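Residue numbers count from 1 along this sequence. If you're wondering where the values come from, they're calculated on a predicted model, not measured in any experiment. For ligands, and for the atoms within them, numbers begin at 1 and follow the listed sequence.
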Amino acid sequence: MDWSAAALRQLAFLLALVSASSQSVSQETLDYMAKHVKVKYEVVDNFRDSLKTFSCQVSLTNTGDKPVPSRGWVIYWTQLNLLEPNHHPYPEGYLLPDYGIRFKHVQGGQFSMEPDEGFEEVQPGETRVIRFLSENYSVSRTDTYPNWYLAAPGLEPRTIVSTAGEELDWVGDFDAENKWKRFNYDIPEAKAYDRYDPYTAGTRYSVNEVEDLGGPKKHVIPTPAEMSVTEGSHLQLNTRDWAIFAPAKFSSEAKLLGERLGINVVNRKPKSHAIVFKSADIRVTVEGKQLSGPEAYSLTVDPAKDMVEIRSLEPQGAFYGAMSLLNLKDEDHKVPEASIVDAPRFEYRGLMLDVARNFHPMEDVLRLLDLMAQYKLNKFHFHLTDDEGWRLEIPGLEELTTVAGRRCHDLAETECLLPFLGSGPAPNPRGSGFYTIQQYKTILKYAARRHIQVIPEVDMPGHGHAAIKAMEARRKRFLAANNHTEANRFVLVDDDDPSWYKSIQLFLDNAVNPCLDSTYNFVTAVVRSLVETHADIQPLKTFHFGGDEVAKGAWDNSTACNTLLTSGFDFRNYKDLKEYFVRQVSNITHNYGLDLAAWEDGVMQKGSDPYTRSELENSKVYAYAWDNVWEWGVANRAHKLANNGFKVVMAQATHMYFDHPYEPDPEERGLYWAPRFTHTRKAFSFMPTDLYANADVARSGDPVKYDDLCGDDGEDCIELKKPENIAGIQGHLWSEVIRSRQQADYMLFPRFFALVERAWHEPAWERETENNMTRIKKRDEDWAEFANTLGYRELARLDRQGVEYRVPPPGAKMSQGKLVTNVPFPGLKVEFSDDGGATWCETSDDMPLTSGTTILLRTRSASGGRYSRHVQVRIDAANSAQSLVVTSLVILSSAFSLLFNKFFL
Ligand SMILES: *[C@@H]1O[C@H](CO)[C@@H](O)[C@H](O)[C@H]1NC(C)=O
Ligand SMILES: *[C@@H]1O[C@H](CO)[C@@H](O)[C@H](O)[C@H]1NC(C)=O
Ligand SMILES: *[C@@H]1O[C@H](CO)[C@@H](O)[C@H](O)[C@H]1NC(C)=O
Ligand SMILES: *[C@@H]1O[C@H](CO)[C@@H](O)[C@H](O)[C@H]1NC(C)=O
Ligand SMILES: *[C@@H]1O[C@H](CO)[C@@H](O)[C@H](O)[C@H]1NC(C)=O
């Protein structure tokens, strides 16, 4: 054989290879597939090896009349559980045996699948089922993200129509135990069975149980420190002949109250029909403890004189007096005769909003600030950046918003970030969006007027994917202009760092490098910009740098870090590299006179040892204690940090994470990594100053074991030695599964009320540390009053403000041959339908119910017009009601296994 024949043969072989791998599809074919390929996703089995992996499947049905080609297309989608974890990492992809499908992990929760060797055309009418494994478990419909899409080189990507929108009706029902439970047998890691089944109507009946007191029992929420009301005596705040009078220092508060009431502010004090603000030092003593300070106020409503008086030393107190007056007033402008002397238990009363995972437009933020102010929250923790997005314009660093404020199909992430969290191939208003400097200033002004401090968070050094990609895009721009100095000025990663790591959210590239000067150029530029933006409106007081969840292994092999460590840097001064980062950030912020804030792990090294507080220059350093899963034995971090001199914000995920579901039901939205669920009553029962007493159940639903919580000898339950360092509490709305305002409202309200109550008011039962039976009894009484106040008054107030709070589905049971129903907030009405939902009537004692039939129940919102999920109940006069949630079409097994009293120890 001569060499040219051999070369020819080789060439032919190469050509064949090229043509096989470049079998391409046309735009027309891709469009056809997007329209006609129906995707169905199903969880198959969470029990296969408990905890480690679950099996799931994707079915692709060709509903059109042309075959789906065997090559040339890729499907992209989001899931937060790592796919085929036993083979990860798979840089070249993982070819699934039997199916001819190659999976790839793109970045974060982005995955792709494409046909490969062995995949055959999908014929019209055919369904191709692809079964695979994912990490851990999945028991909720909202674990599945919408907007799967098809792409091919050189073509426009297309959303697969069957996966678009918010219905998620293409996700299989969680209709068996191994789908709605996470794990099923005793293995050391699980320490227990998963106790949770979706509530039956009967289960829910016992969870809901609370006395119907026939009306709102609390005149003001949050409950004032001291209050007396004379029933039957009231004045009428008639808008025409009333006026507001205030000293100059309260003019802003007077004006805002005037706007809310439609009453004029006047220059001379009227003799009657007036709301008068006065300057006075207000103190109130509760159980021997004196409360005072700038937020203290008094309010008297005197119908005899037709006068209202609000007294306070500072504008904050005057504002809260005004808010209490608005809360006291009913829809007909009637205000009862009342006297209030009030001050908050905590200086820090916060709410965190994550606008990075999904964007929340400015209008929604302003509305939220209004609601916060109305119920006396005073800190807005603005989670502006994360791996999946950067949401604030920083002049001079345009790519932060032009690239990292957008999500679309761009695998290189040079034009936009990947379509994380199901945001689809083209920018949409939730995946993409940011606040301009002007909008951010509008938010600051709105907040300042309502005495809310905005605490911006820029999450670093972990959770830095968006910032890193933006600064890479900026580098590229300046390199193209041959400007190397500028190109490298804000670079956040070491080019010579082969370290491999995986963050909790599956990012392989999200840790900002602490050993580069350019990193601190970046931090300084961002801090400076924030300081300037806040300056004339509400000067920046606190900078939150996040600091959480830095992936293990990040920077281990970074050349920049090795150079730093071997050149004059004395590593013995630091517990780890992250501490070096923290101290640098501390210095930068201190130079601007700022306080510093971080999630608890931001100021701790692995193994939960706080960094030394005194090494940080800032006058205050706030640590947010969030990671308290009881059986992990880490709840003590809050106390460790406070004892070490950090100001601690109680942010415990077991009670204060409102991105978790309300019920252990697959149909309820939310993540469930901490508790399986948190309802309003549980949040209400939170005792921020008696931390370990909150420990109720492990994640399994079993009572938490003392050894797990406190260690063998109790040594892990470290006491709080410096209670003065507990700054306050905060609720959290993370946004991974929130893609609309309705969804945000649903997750936040009504749990929000429990937060504001605990943040402002310390109830007597919380101080009842000696006798826990007395505590439970008093707490139950307090809850009954609170729940009735929500059901009979506050929820209707939310309705009037357009807040689409969650309407809780009703509980039901058969009692003496009759169906009885209940709701967690007495006052809300339950309706039934015996014709499958065609017509509905309010439930009553003499409902025409036939034994052996099945009816539907639903709860109506306080003002009507919105309804809860439907609950299906079988009427069985002889037995107790069997029921199920209609959407999941499950007949649940007999008795419920939950022991409810465990939730409210
Ligand atoms: C998830 O699975 C991994 C791998 O088996 C395991 O290490 C981890 O503990 C599991 N996580 C949970 C929350 O069960
Ligand atoms: C590089 O860019 C910076 C910022 O735009 C500019 O000030 C500087 O003059 C540029 N340098 C060169 C060499 O073009
Ligand atoms: C760092 O490099 C060493 C030696 O090559 C390797 O064993 C180790 O896994 C690397 N660490 C990381 C986090 O990549
Ligand atoms: C922070 O500032 C202090 C005081 O100026 C200095 O001693 C320290 O080295 C600085 N720390 C870092 C990490 O730059
Ligand atoms: C109630 O108090 C007793 C006595 O202090 C204690 O032994 C018990 O564990 C407490 N129970 C709960 C549920 O906290």
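In summary, the atoms of ligand 1 found under 4.0 Å from a heavy atom of E135, numbered by their order in the structure, are 1 (C), 2 (O), 3 (C), 4 (C). Distances below 4.0 Å separate heavy atoms of N136 from the following atoms of ligand 1: 1 (C), 2 (O), 3 (C), 8 (C), 10 (C), 11 (N), 12 (C), 14 (O). The L51 neighbourhood of ligand 1 comprises atoms 1 (C), 2 (O), 14 (O), with distances under 4.0 Å to a heavy atom of that residue.
Residue contacts with ligand 4, taken as heavy atom pairs separated by less than 4.0 Å, involve Y574 solely via side-chain atoms from C-beta onward.
For the side-chain hydrogen bond (donor to acceptor under 3.5 Å, both in side chains) test, no residue two or more places apart in sequence or in another chain qualifies with Y99.
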Evaluation steps, salt bridge (charged side-chain N to carboxylate O under 4.0 Å, His left out), between K705 and E631: CA-CA 7 Å; K705 296 195 188 86; E631 65 273 27; over 6 Å; no

From CA spacing to verdict: salt bridge (charged side-chain N to carboxylate O under 4.0 Å, His left out), R131, D98: CA-CA 10 Å; R131 192 170 281 202; D98 306 338; over 6 Å; no

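Here N628 contributes atom CG and Y692 contributes atom OH; the two are 10.5 Å apart, rounded to the nearest 0.5 Å. Note that CH2 of W673 and CG of D659 are 8.5 Å apart. Values are rounded to the nearest 0.5 Å. A distance of 13.5 Å separates CE in M650 from OH in Y624, rounded to the nearest 0.5 Å.
The residues lining ligand 3, counting any heavy atom closer than 4.0 Å, are S499, W500, G553, D556, N557.
Scanning both residues, Y611 and Q605, for their nearest heavy atoms gives CE2-N, 3.5 Å.
Residue E617 places a heavy atom under 4.0 Å from ligand 4.
Among the atoms of Y137, none of the N or O lies under 3.5 angstrom from an N or O of ligand 1.
When ring centroids are compared, W180 and F174 stay outside the 6.0 Å threshold.
Checked by atom type, the side-chain pair N513/S558 shows a donor-acceptor distance below 3.5 Å.
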